[in-house]
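There's a structure below that I have some questions on.
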Amino acid sequence: MAPINITEMNSVQLHQSRMAMLSESIKSIAFKKQQITKEFEKGDEVEVASQELGFIGSYYAATIICSTGDDYYRIKYKTLLTDDESEPLEDVFSAAEIRPVPPNQDETMSENGFRLYDMVDVFDNDGWWFGFISAKVGDEYYVYFPTTGDNIAYPPHVLRFHQEWSYGKWIFLPRQGKIFNLY
């Protein structure tokens, strides 16, 4: 049995510690309600945050159909269909579960790329899922999803940097930087 390299052990412990810290941070963000700072109008393009068990931390593209009063809105999903798959699904949500669509990030992503521990959204299963980069193998990024416990490889074209809607504006969460070289 080969002796354990102290530097390798410290890197593994540091990686596990960072993964645990980011997991807690993402869970606290995913389980909180949005700040209600915007009134939506008919036709507004939005994302709806799911608070359903197994879907927490996911966002789905939708269009506002109308206000139903008391900060609730009827929405029509863009990617989710009715049970018979004949038309887009409609539902009612509180304003705290709805946010505007984040700005396009094509230029930001091509300039900066993704790094280990960056918080990202992944387009999968008809919606955007919130997680963080846990590794890179070849051209694919592994994304860990703390709300589901999944760690899945994705090509970069289905990833975007995660942003939070806060007090009426979009903010990028701080980039996490490299603990060790991914490449």
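Values reported hereafter were calculated over all heavy atoms of this structure, with side chains retained and with hydrogens, waters and symmetry mates removed.
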key: Pairs involving residues 46-64, ordered by first then second residue, that meet salt bridge (charged side-chain N to carboxylate O under 4.0 Å, His left out) (sequence neighbours left out)   =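 Qualifying pairs, neighbours excluded: E47-R99, E47-R160.
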ask   = For residues N151 and S134, is any side-chain donor paired with an opposing acceptor at under 3.5 Å?
value =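 Their side chains do contain a donor-acceptor pair, which is all the 3.5 Å distance test asks for.
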ask   = Is L116 linked to M21 within one hydrophobic cluster, defined over Ile, Leu, Val, Met, Phe, Trp and Tyr using a side-chain heavy-atom separation of less than 4.5 Å?
value =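 Yes, it is one cluster - the side chains of L116 and M21 are joined through contacts under 4.5 Å.
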query = Atom OG1 of T63 and atom CG of D44: how far apart are they, to the nearest 0.5 Å?
reply =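 Going from the OG1 atom of T63 to the CG atom of D44 covers 9.0 Å.
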key: CD-OG distance between E97 and S50, expressed to the nearest 0.5 angstrom   =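 The OG atom of S50 is 8.5 Å from CD of E97, to the nearest 0.5 Å.
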query = Below 4.5 Å, heavy atoms only, C-beta onward: do F161 and F114 meet side chain to side chain?
reply =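 Contact flag for F161/F114 side chains = yes.
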request  = Using side-chain contact (heavy atoms from CB on, under 4.5 Å) as the criterion, list what pairs up with T148, not counting sequence neighbours.
outcome  =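 In terms of side-chain contact (heavy atoms from CB on, under 4.5 Å), with neighbours along the sequence ignored, T148 is linked to W129, F145, D150.
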query = Taking all atoms of both residues into account, what is the closest heavy-atom pair of P146 and F130, and its distance?
reply =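 For P146 versus F130, the nearest heavy atoms are CD-O, 4.4 Å.
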message = Would you say L89 ends up clustered with Y73 if hydrophobic residues are merged whenever their side chains have heavy atoms under 4.5 Å apart, either directly or through other cluster members?
response =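 Yes, Y73 and L89 fall within the same hydrophobic cluster.
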Let me have the donor-acceptor pairs involving side chains of residues 78-86, under 3.5 Å, with sequence neighbours excluded, atom names and distances please.
{"residue": "K78", "atom": "NZ", "partner": "E45", "partner atom": "OE1", "Å": "2.2"}
{"residue": "T79", "atom": "OG1", "partner": "D126", "partner atom": "O", "Å": "2.5"}
{"residue": "T82", "atom": "OG1", "partner": "D84", "partner atom": "OD1", "Å": "2.7"}
{"residue": "T82", "atom": "OG1", "partner": "S86", "partner atom": "N", "Å": "3.4"}
{"residue": "T82", "atom": "OG1", "partner": "E87", "partner atom": "O", "Å": "3.4"}
{"residue": "D84", "atom": "OD1", "partner": "S86", "partner atom": "N", "Å": "3.0"}
{"residue": "D84", "atom": "OD1", "partner": "S86", "partner atom": "OG", "Å": "2.7"}
{"residue": "D84", "atom": "OD2", "partner": "S86", "partner atom": "OG", "Å": "3.3"}

CD1-CZ distance between I64 and F93, expressed to the nearest 0.5 angstrom =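 Those atoms lie 10.5 Å apart.
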key: Within one Ile-Leu-Val-Met-Phe-Trp-Tyr cluster: I152 and V143, side-chain cutoff 4.5 Å   =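 I152 and V143: one cluster.
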query = Ignoring hydrogens and geometry, is there a side-chain-to-backbone donor-acceptor pair from T147 to G57 under 3.5 Å?
reply =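 The answer is no, because no donor-acceptor pair under 3.5 Å joins these two groups.
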request  = For side-chain contact (heavy atoms from CB on, under 4.5 Å), just list the numbers for I75 and V48, CA-CA rounded to whole Å, side-chain angles, deciding distance to a tenth of an Å, and then say yes or no.
outcome  = CA-CA 9 Å; I75 61 95; V48 178; 4.1 Å; yes
V120 and I133, any side-chain heavy atoms less than 4.5 Å apart =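 Sidechains of V120 and I133: in contact.
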message = P100: which residues meet the side-chain contact (heavy atoms from CB on, under 4.5 Å) condition with it, sequence neighbours left out?
response =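 Expected list: K38, F40, W165, W170.
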ask   = Do the non-hydrogen side-chain atoms of L22 and Y117 ever get within less than 4.5 Å of each other?
value =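 Contact flag for L22/Y117 side chains = yes.
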request  = Enter the distance from C66:SG to E90:CD here, rounded to the nearest 0.5 Å.
outcome  =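 Rounded to the nearest 0.5 Å, the SG-CD separation comes out at 8.5 Å.
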task = Heavy atoms only: give me the nearest R74-T68 pair and the separation to one decimal.
result =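 Taking R74 first and T68 second, the nearest heavy atoms are N-CG2, 4.0 Å.
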Residues in side-chain contact (heavy atoms from CB on, under 4.5 Å) contact with A153, at least two apart in sequence or another chain =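 If we apply the side-chain contact (heavy atoms from CB on, under 4.5 Å) test to A153, skipping adjacent residues, the hits are E140, Y142.
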F132 side, atom CZ; M119 side, atom CE - distance, nearest 0.5 Å =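 One gets 8.0 Å once the value is rounded to the nearest 0.5 Å.
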Smallest separation among heavy atoms of P88 and Y77, with atom names =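 Heavy-atom minimum between the residues: CB-O, 3.3 Å.
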ask   = Of all residues at least two apart in sequence or in a different chain, which pass the side-chain contact (heavy atoms from CB on, under 4.5 Å) check with K42?
value =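 None.
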query = Given a cutoff of under 4.5 Å between side-chain heavy atoms of I, L, V, M, F, W and Y, with clusters grown through shared members, what are the other residues clustered with Y72?
reply =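 Same cluster as Y72: V92.
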Partners meeting side-chain hydrogen bond (donor to acceptor under 3.5 Å, both in side chains) with Y154 (sequence neighbours left out) =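 Expected list: D124.
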task = Taking the side chain as every heavy atom from C-beta outward, state whether D71 and S94 have any pair of such atoms under 4.5 Å apart.
result =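 Of all side-chain heavy-atom pairs linking S94 with D71, none is under 4.5 Å.
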